[in-house]
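Note sheet for the following structure.
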Amino acid sequence: MSQKPSAGARFRTALAENSPLQVVGTINAYSAIMAERIGHKAIYLSGAGVANASYGLPDLGMTSLDNVLEDVRRITAASELPLLVDIDTGWGGAFNIARTIKEMIRASAGAVHIEDQVAQKRCGHRPNKEIVSKQEMVDRIKAAVDARTDDDFFIMARTDAFAQEGLDAAIERAQACIEAGADGIFAEAVTELEHYRAFKDALNVPILANITEFGKTELYNTKELGDAGADIVLYPLSAFRAMNHAAENVYTSILQNGDQKAVVDTMQTREQLYDYLNYHVFEQKLDELFKK
Ligand SMILES: C[C@](O)(C(=O)O)[C@H](CC(=O)O)C(=O)O
Ligand SMILES: [Mg+2]
């Protein structure tokens with residue numbers, strides 16, 4: 001019997017087959033099921049998303065490895081799509097980072113990104129970020145790469161250096177991360193399409209463009225990002241933001257109108273929900289097993 005390819009191998013295949021590869025944020029297991037059925041090839045677990053949605057916290061480095069792992073396991077149990085996971089700063093020194101990598105592989109993540117912010121991190125699109133030295137970031141990457149228990153597991157270095165240090169310094173950091181074994185580069189919060197081109201021309205690994213809404217980067221189209229050299233286009237929180245807005249409207253409408261009739265049209269129906277979950281297959285099984 002042939003063995004199923006690892007999540008890392010599946011991530012690499014998705015990357016090889018899609019240029020650029022769109023990676024959509026899936027805040028929970030059900031979202032992952034929807035993204036898969038709709039035809040996406042890779043999904044993302046956002047650090048901000050875990051903090052905001054699972055813990056009601058801001059994205060300021062307050063969640064732990066275990067907090068994120070729990071959501072990773074839920075998602076990888078529900079979907080076959082390769083999952084890219086935001087591991088923030090890796091949650092500590094070399095041994096903590098090593099544990100993070102091993103646990104992510106064990107939880108069937110296919111890829112991670114680890115960033116060069118200080119532990120008290122901020123969202124990449126906020127002002128006053130602080131970054132660690134290039135050497136400290138290189139050490140993080142070395143620890144991560146050394147800990148890999150699956151050669152195909154994809155380790156991406158994220159640099160937040162552009163905001164304070166500019167393009168050349170960010171590219172130089174990225175180069176050092178690649179020399180330390182990083183498989184790809186997440187160019188955080190750059191502002192122009194030419195910036196992706198500059199990363200791509202200087203580096204020989206896949207480049208990720210983070211197209212998060214209401215941030216520093218314009219909502220460039222996948223085609224133009226591909227033409228500018230991006231290999232992966234990330235939509236970390238797009239569906240989450242839309243879900244939140246829809247939920248706000250429902251809560252408001254119920255309170256104001258005394259019923260939900262005005263917002264029923266904005267809802268996924270019971271039938272649609274069940275369809276994604278294969279509900280009827282489960283129900284039939286129950287009928288077969290416990291025939292009266
Ligand atoms: C990608 C990101 O790291 C995330 O946690 O999803 C965030 C996204 C966001 O806050 O819009 C980031 O870019 O820092
Ligand atoms: Mg994050």
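Indexing begins at 1, ligand by ligand and atom by atom, following the structure's order.
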Legend entry - Modelled atom types, side-chain donor and acceptor of Asn249 and Ser253, under 3.5 Å: no

Legend entry - Spacing of OH belonging to Tyr196 relative to CG belonging to Leu225, to within rounding of 0.5 Å: 6.0 Å

Inset, instruction - Using atom types as modelled and distance alone, determine if a side-chain donor or acceptor of Arg12 lies under 3.5 Å from a backbone N or O of Asp152. - result: yes

Legend entry - N, O or S atoms of the protein lying under 2.8 Å from the Mg ion (ligand 2): Asp86 OD2

Inset, instruction - Would you mind checking if Asp59 and Arg122 are paired as a salt bridge, meaning a charged N to carboxylate O distance below 4.0 Å? - result: no

Inset, instruction - Classify the side-chain pair Tyr235/Thr222 by whether it contains a donor and acceptor separated by less than 3.5 Å. - result: yes

Inset, instruction - Flag the pair Lys200 and Asp231 as a salt bridge only when some basic side-chain nitrogen lies within less than 4.0 angstrom of an acidic carboxylate oxygen. - result: yes

Measure from every N or O atom of ligand 1 to the protein's N or O atoms and keep only the pairs below 3.5 Å, writing each with atom names and distance to 0.1 Å.
residue: ligand 1; atom: 3 (O); partner: Asp86; partner atom: OD2; Å: 3.2
residue: ligand 1; atom: 3 (O); partner: Arg158; partner atom: NH1; Å: 2.8
residue: ligand 1; atom: 5 (O); partner: Ser46; partner atom: OG; Å: 3.2
residue: ligand 1; atom: 5 (O); partner: Gly47; partner atom: N; Å: 3.2
residue: ligand 1; atom: 5 (O); partner: Ala48; partner atom: N; Å: 2.8
residue: ligand 1; atom: 5 (O); partner: Asp86; partner atom: OD2; Å: 2.8
residue: ligand 1; atom: 6 (O); partner: Ser46; partner atom: OG; Å: 2.6
residue: ligand 1; atom: 11 (O); partner: Thr212; partner atom: OG1; Å: 2.6
residue: ligand 1; atom: 11 (O); partner: Arg241; partner atom: NH2; Å: 3.3
residue: ligand 1; atom: 13 (O); partner: Glu188; partner atom: OE2; Å: 2.6
residue: ligand 1; atom: 13 (O); partner: Asn210; partner atom: ND2; Å: 2.9
residue: ligand 1; atom: 14 (O); partner: Gly124; partner atom: N; Å: 2.7
residue: ligand 1; atom: 14 (O); partner: Arg158; partner atom: NH2; Å: 3.3
residue: ligand 1; atom: 14 (O); partner: Glu188; partner atom: OE2; Å: 3.2

Inset, instruction - Report the distance from atom CE of Met243 to atom CG of Asn28, rounding to the nearest 0.5 Å. - result: 5.0 Å

Legend entry - Side-chain donor or acceptor of Arg74 paired with backbone N/O of Tyr30 under 3.5 Å: no

Inset, instruction - Measure the CZ-OG distance between Arg173 and Ser133 for me, rounded to the nearest 0.5 Å. - result: 7.0 Å

